[in-house]
Amino acid sequence: MTMESTSIRMEAISTQPIGPALRHSLGVSISGCLMGITVAYSSGALDDMNDDYFLPVPTTTQNMLFSSLAAGVAFIAGLIFGRFVVLIGKKHALMLSSIFYFLGYLLMAYSKGYVMLFIGRSVTGFGLSLTCLALSPYISEISPTKHRGKFASIMQLQVQFGILVINSLAVLDLSFRWTAFITSAIAVVNLFFVTIAPETPRWLMSKAKVREAGDVLDLLMEQDPDLVNDEIEVLQRSCRVEIPRDEHGAIPFFSAQNLKPLAIMCVIMIIQQVTAVNAVLADSITIFKDLGFVEPRTCTAGMSAAFLLFTFGSAALTDKAGRKLLLVVFAVLISFSLALFSLAGFLDKGLHMALLTLALGSYVFSFAMAWGSIPWVLSGEMFSLENQGRALSIVSGVNWVFNFLTVFTWPLLIDRLTPRWVWLIYATLMLLGAIFVGLFLPETRGLTLHQVTDLFAPDSPRYVTVVHRISTTESSSGILRRAGPSTTDQPYTF
């Protein structure tokens with residue numbers, strides 16, 4: 001690409017409309033709200049369930065099993081669903097996730113025993129898996145490049161809103177059955193908005209559905225023919241561009257160009273779980289009781305509201321400060337916050353409560369400003385389309401494995417080591433995480449999805465020209481363009 005074409009491309013990026021993409025991103029991201037509800041559901045439901053059912057295992061064990069069950073199922077399902085999402089498209093994957101959420105929470109709402117309850121919890125794990133695999137890439141692929149970080153952060157805003165909903169219902173002392181029923185209704189609303197949303201033009205182009213991709217771009221670009229033609233050109237180049245590929249025209253999955261971002265994203269997802277946020281959310285009421293707060297349910301709801309508020313700050317800064325800088329700075333601050341939690345355990349009651357308040361405020365602020373949303377932003381950016389399904393399956397699997405391990409082992413570690421030492425261990429790990437991000441993560445701010453993929457290309461690649469299936473409908477220039485004034489039924493010419 002010449003300097004002149006690059007300049008034209010950057011100008012086009014700066015003028016891309018945001019309205020249509022924003023509307024559809026907000027609609028489909030209700031899946032993120034359901035994800036947040038599912039992650040935090042056990043926080044307010046465990047006491048109520050323990051009153052309704054007597055399980056043939058100790059209460060602590062059954063709580064750990066129920067809290068971690070959805071994450072465990074999401075891990076297993078993620079290994080299966082990755083390539084399936086690439087096959088059916090992200091829109092249909094999100095529709096399927098809504099159905100899983102609906103069925104899972106309906107089973108829990110009408111459960112007659114703990115078997116039905118645990119089956120319902122397992123079904124919601126399938127919804128979690130599909131949300132992780134499809135939501136962030138979907139938003140990234142329909143978003144204007146200049147605002148992709150903000151738009152992708154909508155997912156985490158919805159996750160935090162879902163957590164706020166579940167904790168607010170706990171304050172109202174609503175039963176776990178009514179909470180599950182309300183969540184199933186939210187799943188129906190989500191299914192409606194996903195159904196009316198378009199499939200991503202990047203996926204349509206990869207399936208040689210060129211005209212359908214152009215129609216979606218007409219919608220997203222508000223029928224601006226110059227912007228539509230520019231995006232069509234970029235999408236076609238991303239399918240045909242000269243980058244290292246195998247004899248079948250695909251970037252080999254086990255090539256350095258794919259394994260480098262895969263390794264980086266796996267470690268980043270581990271670091272996200274090392275923040276201990278899901279363990280805190282899953283057992284937040286118990287934690288607040290142990291920390292000495294008088295109204296633990298109210299404190300949990302307040303913490304969720306603060307998470308949501310600060311996530312707006314993350315959305316505003318992601319495309320300005322950059323992903324890498326925010327992750328490094330706030331990993332250090334999270335480490336500091338966890339160290340304060342540990343230090344509070346060595347102090348008398350007066351200083352103990354004061355330091356806990358400071359540590360909690362710092363922790364919520366630091367996590368919400370970077371580590372809640374940015375790992376998911378990056379997961380939608382880092383992989384080539386043909387490897388995205390398999391790569392996100394692994395990344396999502398790693399995330400859910402460590403989510404499961406963190407949630408399941410948290411009460412065991414607290415019992416064995418006492419809270420002060422557990423906080424200190426996690427603080428040390430977060431500091432190591434900040435060093436890793438600073439050394440190995442490239443900055444992706446302002447780059448197109450194809451340019452992000454190119455960041456990991458070898459220095460001396462073997463280039464071969466790839467002829468995509470759509471070449472049969474291309475001109476000799478290889479660019480499909482819409483002719484004349486832009487209307488939805490205008491023909492494409494070559």
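- Scanning for ring pair (Phe, Tyr, Trp, His ring centres under 6.0 Å) contacts around Phe310 gives Phe365, with sequence neighbours left out.
- Residues satisfying the side-chain contact (heavy atoms from CB on, under 4.5 Å) criterion with Ile425, sequence neighbours excluded, are Leu417, Leu429.
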Could you walk me through whether Phe341 and Tyr426 pass the ring pair (Phe, Tyr, Trp, His ring centres under 6.0 Å) check? CA-CA 11 Å; Phe341 276 119; Tyr426 277 86; over 10 Å; no
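- Put simply, CD on Glu141 and CG on Leu204 are 10.0 Å apart, with the number rounded to the nearest 0.5 Å.
- Counting only residues at least two apart or on different chains, no salt bridge (Lys or Arg N to Asp or Glu O under 4.0 Å) pair has a member in residues 441-452.
- No donor-acceptor pair closer than 3.5 Å links the side chain of Ser97 to the backbone N or O of Gly127.
- Lys91 and Glu199 are not joined by a salt bridge, as no carboxylate oxygen comes within less than 4.0 angstrom of a charged side-chain nitrogen.
- With sequence neighbours excluded, the residues forming a ring pair (Phe, Tyr, Trp, His ring centres under 6.0 Å) with Phe440 are Phe436, listed by chain and number.
- Pairs engaging residues 299-311 under the salt bridge (Lys or Arg N to Asp or Glu O under 4.0 Å) rule: none recorded [sequence neighbours left out].
- A search for side-chain hydrogen bond (donor to acceptor under 3.5 Å, both in side chains) contacts involving Gln272 returns Asn399, not counting sequence neighbours.
- For Phe151, the ring pair (Phe, Tyr, Trp, His ring centres under 6.0 Å) test picks out no residue, with sequence neighbours left out.
- A distance-only check finds a donor-acceptor pair linking the side chain of Ser393 to the backbone of Gly78 [under 3.5 Å].
- Counting only residues at least two apart or on different chains, no salt bridge (Lys or Arg N to Asp or Glu O under 4.0 Å) pair has a member in residues 263-272.
- Within the 3.5 Å criterion, the main-chain N or O of Leu424 finds a donor-acceptor partner in the side chain of Thr428.
- A donor-acceptor pair under 3.5 Å links the side-chain atoms of Asn190 to the main chain of Ser31, judged by distance alone.
- A distance-only check finds no donor-acceptor pair linking the side chain of Thr409 to the backbone of Leu412 [under 3.5 Å].
- Residues meeting the salt bridge (Lys or Arg N to Asp or Glu O under 4.0 Å) test with Arg148, sequence neighbours left out: Glu381.
- Legend: residues meeting side-chain contact (heavy atoms from CB on, under 4.5 Å) with Ser122, ordered by chain and number and at least two apart, are Leu69, Val73.
- Rounded to the nearest 0.5 angstrom, Ser143 OG and His24 NE2 are separated by 12.0 Å.
- Checked by atom type and distance alone, the side chain of Thr406 never pairs as donor or acceptor with a backbone atom of Ala276 at under 3.5 Å.
- Residues in residues 364-378 take part in these side-chain hydrogen bond (donor to acceptor under 3.5 Å, both in side chains) pairs, two or more places apart or across chains: Ser314-Ser373.
- The side-chain contact (heavy atoms from CB on, under 4.5 Å) check on Ser129 picks up Ala74, Ala77, Phe81, Leu133, with sequence neighbours excluded.
- Put simply, the side chain of Val395 does not reach to within 4.5 Å of the side chain of Ile268, judged on heavy atoms.
- Side-chain N or O atoms of Ser140 include none that pairs as donor or acceptor with a backbone N or O of Pro137 at under 3.5 Å.
- Distance check, rounded to the nearest 0.5 Å: CG of Leu308 to CD1 of Ile163 gives 9.5 Å.
- You'll find the ring centres of Phe367 and Phe330 outside the 6.0 Å limit.
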